[in-house]
Number of protein chains: 2
Amino acid sequence: MVGEVPYPYDPGAFPPFAVTADVALFTIGNNALQALLIERGREPFLGARALPGGFVREDEDLRDAAARELAEETGLHAGPWYLEQLAAYGSPDRDPRMRVVTVAFWAVCASLPASPRGGGDAAAANLLPVEDIERGAVRLAFDHARIVADAVERIRSSMEHTALAAGFCPPEFTIRQLREVYETVWGVSLDPGNFQRYVRESGVFEPSLALSAPGRDDTRSEPGRPASLWTARRTESGRPAKAVRRLARPGGKQARNR
Amino acid sequence: MVGEVPYPYDPGAFPPFAVTADVALFTIGNNALQALLIERGREPFLGARALPGGFVREDEDLRDAAARELAEETGLHAGPWYLEQLAAYGSPDRDPRMRVVTVAFWAVCASLPASPRGGGDAAAANLLPVEDIERGAVRLAFDHARIVADAVERIRSSMEHTALAAGFCPPEFTIRQLREVYETVWGVSLDPGNFQRYVRESGVFEPSLALSAPGRDDTRSEPGRPASLWTARRTESGRPAKAVRRLARPGGKQARNR
DNA sequence: CTTTTAATTGTCAATATGACAATATATGGA
DNA sequence: TCCATATATTGTCATATTGACAATTAAAAG
């Protein structure tokens, strides 16, 4: 074998690219699906919104870069989020300055500090309703509108067969909280009774034993029977895993064109 | 605005990466799912198998680069394949020579020239059974074993709700051909009667009108009622689209651990 | 014309889903 | 304490879908 660099490439044999990692972080706030965006403080796209992101470092894994950018932008470290890669976007003209390939990630989390101000990065970060973005009411930089659209589609689809919806909730949650996540992200209204059955029998979630539900009456003051708490079941693949499908209720919100 | 390069980056502000496009092409041959691989002719991983791929050119779109590499490797141009991006792979140590981020694609096609020899590229390309790869019986270069595994999983999953299986068939195909694709890729045995019903009622496929089936007896010589021909239905999203799910038949092949 | 082979359709029980009623368990006030 | 109110949770039942498998159709071969 050779030394430091066993089989060096001819330095001129390949075109150099810049590689960035961008993250579309979603959360639910104000009864709507929200995306974390920053306001660009310089050209190009000065004043437009953009996804948190930046150059991948020399010896940094793509995923680590995405997590780092997210942490820098939200101020939250040891992120309480669920992060997954979406795809690479590398159209030759996506950045007017030079050839940049970005690896996009999507993430979901339960909540965010009221004002997730940039923890040192240039501009301020804030949450904007996905509905506004889908309507084209938000000016997004580069191809970030497409990235957000693709991420939302992936999330909506993934929620049908996995416990992803739990990523929008605290570690333990009530069935109602979970149902409201589905209703908000999918833009539909679900039947509470049938949804209860789904959560109970799908194998995707499981009741939170420990300081479970009925009996933990500490300082609650809402009327009605207290709800039990649930968690996402540890991912044991190799299971059927039922889907949520059409639990919609008759007079509910108008479903999007899925 | 400025001229050629409106907002130039500081050349030293970002680490240069090499970006490549790799393609995992699958087809069905010999009653098994097969992947197109080349044999590496140089270090590192001399002698190991690798996915067709190479550097993305200066002004080339990622997808175009993938299609180009595929065409160069198979000798087929104007590819009769279905090509879609899988994900980016960019672990800092995935290539011992330098920092390379690869954008992986997966593709499926109906058939390939008997011996898809490299159309000019270094090594010979040939098809290897995915089963062997999954079993670890094939030495793959870099992280290509993971890429193949991810691609196979994506394909198996996608086939459940889309017409992707038709990508393994000629433009027009019989229901039996289509069923054999599912059986081969999923490693299960499906009930012919129930599968017929699925094809007929799922909305994913549609009967090939034109020179349809019963009546096109030109030079056939197989016994039995002649099969009608079908095609993938033009993608009209916004439809329910039934899933293939468990049409398995009792004594069929052992299903993989899905 | 009969046998053989494969495609296609039909039947029926077991499940799953959608709609909605009934019951359980809290809070708050009379 | 008892009742009205508000949720959570469980049941019921008609309908739709799925799995298993029988029956029918349409060709080739002898």
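Below, chain A is the first sequence line, B the second, and so on; all start at residue 1.
Heavy atoms from other residues, nucleotides or ligands lying under 6.0 Å from CZ of B:R139 number more than 12.
Rounded to whole Å, atom C1' of D:dT24 lies 13 Å from atom CD of B:Q196. When the P atom of D:dT9 is taken as reference, atom CZ of A:R200 falls 9 Å away, rounded to whole Å. Atom CD1 in B:I175 sits roughly 13 Å away from atom C1' in C:dA6 (whole-Å rounding). One atom, CD of A:Q177, and another, P of D:dA8, lie 10 Å apart when rounded to the nearest Å. Remark: C1' of D:dA8 and CG of A:D191 are 13 Å apart, rounded to the nearest angstrom. One can place CD of A:E201 at 11 Å from C1' of D:dT10, the figure rounded to the nearest angstrom. Protein atom CZ of A:F195 is 18 Å distant from nucleotide atom P of C:dA16, rounded to whole Å. Put simply, CG on A:L190 is 15 Å from P on C:dC20, counting in whole angstrom units.
With sequence neighbours left out, the side chain to side chain contact (heavy atoms under 4.5 Å, CB included) criterion links A:L62 to A:V19, A:V56, A:V103, A:F105, B:A88, B:R99, B:V101. With sequence neighbours excluded, the residues forming a side chain to side chain contact (heavy atoms under 4.5 Å, CB included) with B:A67 are B:L83, listed by chain and number. Taking B:R63 as the reference, nothing meets the salt bridge (Lys or Arg N to Asp or Glu O under 4.0 Å) condition, with sequence neighbours excluded. The salt bridge (Lys or Arg N to Asp or Glu O under 4.0 Å) search around B:R176 returns B:E180, not counting sequence neighbours. The ring-ring contact (aromatic ring centres under 6.0 Å, His included) check on B:Y82 picks up B:W106, with sequence neighbours excluded.
Listed nucleotides: C:dT8, C:dC20, D:dC21. Nearest to the side chain of B:N194: D:dC21.
Taking 4.0 angstrom as the limit, A:S228 places a side-chain polar atom (N or O) nearer than this to OP1 or OP2 of D:dT9. For the pair A:R176 and D:dT9, the criterion of a side-chain N or O lying under 4.0 Å from OP1 or OP2 is not met.
Between the side chain of B:R197 and the base of C:dG10, no donor-acceptor pair under 3.5 Å is found.
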Do any N or O atoms of the protein come closer than 3.5 Å to N or O atoms of nucleotides 4-6 of chain D, and which pairs are they?
unit_1	atom_1	unit_2	atom_2	d
D:dA6	N3	A:G224	N	3.3

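Using a 4.0 Å cut-off between charged nitrogen and carboxylate oxygen, B:R154 and B:D150 do not count as a salt-bridge pair.
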